[in-house]
2 protein chains.
Amino acid sequence: MITPVRRQTRQRHAITAAISQAGRPLSVHEILAIASKDQPGLGIATIYRTIKALIAAHTLHEVALPGADVRFELADLDHHHHFHCRGCDKVYEMAGCPGNLRSLTPKGFLMEGHDLVISGLCASCLGKRSARG
Amino acid sequence: MITPVRRQTRQRHAITAAISQAGRPLSVHEILAIASKDQPGLGIATIYRTIKALIAAHTLHEVALPGADVRFELADLDHHHHFHCRGCDKVYEMAGCPGNLRSLTPKGFLMEGHDLVISGLCASCLGKRSARG
DNA sequence: CTGCTTGCAAAACATTTGCAATCCC
DNA sequence: GGGATTGCAAATGTTTTGCAAGCAG
């Protein structure tokens, strides 16, 4: 059951602060690791419950990626897309949008939104790769 | 452990035939439902094992979607993208590609691939909606 | 205070794995 | 026939839920 968000608690603050300060979408386990520093003893069940409630409240957004865990980001960011690094598995935000997507939408279908993920290697992983040879 | 694919079995044929004949990416449970008609008694473990092996063999491809189960499709299709219907939860293939994605890729990052999902309502769900009023 | 929210532990659900029986080549 | 593959059931992993204690407003 999804309980609507009625109170601001230490736990909820730690969770949204973790996502907000990371500046990139985080997985459940990344959220647990980061928010636990602020709130030791924070339970994983609270994270799942909070994420669900915040998504229902349109405060968080889900980012789906092939072959990787789902991530969550703040919903009030400007429209943007994501880069998924196959080296370190981190997800980065990318400015911009290719646009012109309605022309891809099949005849008779209604487009309401879209998501784009580019995958490859981030600068940090490329650096490590060339350092290794 | 992922066992490489060495033999063509009735089960594997039923699984790939289900995906191939559907003409759209299928979830694990869609695959079970469809392939079971051909192969009654087909176990869910076999489906998981087969999917993993076929992905490792680059025969299948994973399609990730926000708020919906992962789907699987044949890997040898022409480059294309997907439409996810929020009404019936079906995933459709869409021809075409917006292109020009390297310009979105951050400086110093290497783009190796990309995925695009448009979401909204399919023609069938739009029809039902207007029929209802 | 009041009742929403939490942490814990148990439950429910999803995925993987061990193994004997079966089936492909 | 021999080894890969399967189905089952058990193991493991993930997400949800019940409930008493704690906390926000």
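For B:Leu32 and D:dC8, the CG to P distance is 11 Å, given to the nearest whole Å. Whole-Å rounding puts the A:Gln39 CD to D:dG22 P distance at 16 Å. One atom, CD1 of B:Ile51, and another, C1' of C:dA14, lie 13 Å apart when rounded to the nearest Å. Between the C1' atom of D:dT17 and the CD1 atom of A:Ile47 lies a distance of 17 Å, rounded to the nearest Å. Between B:Leu42 atom CG and D:dC8 atom C1' there is a gap of 13 Å when expressed in whole angstrom units. Residue A:Arg49 contributes atom CZ, which lies 10 Å from atom P of C:dT5 at whole-angstrom precision. The interatomic distance linking B:Ile15 (CD1) with D:dT5 (C1') rounds to 11 Å, in whole Å. As rounded to whole Å, 17 Å separates atom C1' of C:dT5 from atom NE2 of A:His13.
Heavy atoms of A:Pro40 sit nowhere under 4.0 angstrom from any nucleic acid atom. At the heavy-atom level, A:Ile44 lies nowhere under 4.0 Å from the strands shown. Residue B:Arg6 is classed as a sugar-phosphate contact, given heavy-atom separations below 4.0 Å to backbone atoms only. Among the heavy atoms of the strands lying under 4.0 Å from B:Val5 are primed sugar atoms or P, OP1, OP2 only; no base atom is included.
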Tell me, with the steps shown, if B:His114 and B:His79 meet ring pair (Phe, Tyr, Trp, His ring centres under 6.0 Å).
CA-CA 10 Å; B:His114 67 275; B:His79 180 72; 4.8 Å; yes
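In this model, the phosphate group of C:dT22 is not approached by any side-chain N or O of B:Gln11 to a distance below 4.0 Å at OP1 or OP2. Phosphate proximity of C:dT6 to A:Thr9: present, with a side-chain N or O under 4.0 Å from OP1 or OP2. For the OP1/OP2 pair of D:dA24 and a distance below 4.0 Å, the side-chain nitrogens and oxygens of A:Arg10 include at least one atom meeting the criterion.
Looking at A:His81 and A:Glu93, their side chains never bring a donor and an acceptor atom within 3.5 Å of each other. If you check the side chains of B:Ser27 and B:Arg71, you find no donor sitting under 3.5 Å from an acceptor.
Side-chain N/O atoms of B:Arg7 and base N/O atoms of C:dC25 include no donor-acceptor pair closer than 3.5 Å.
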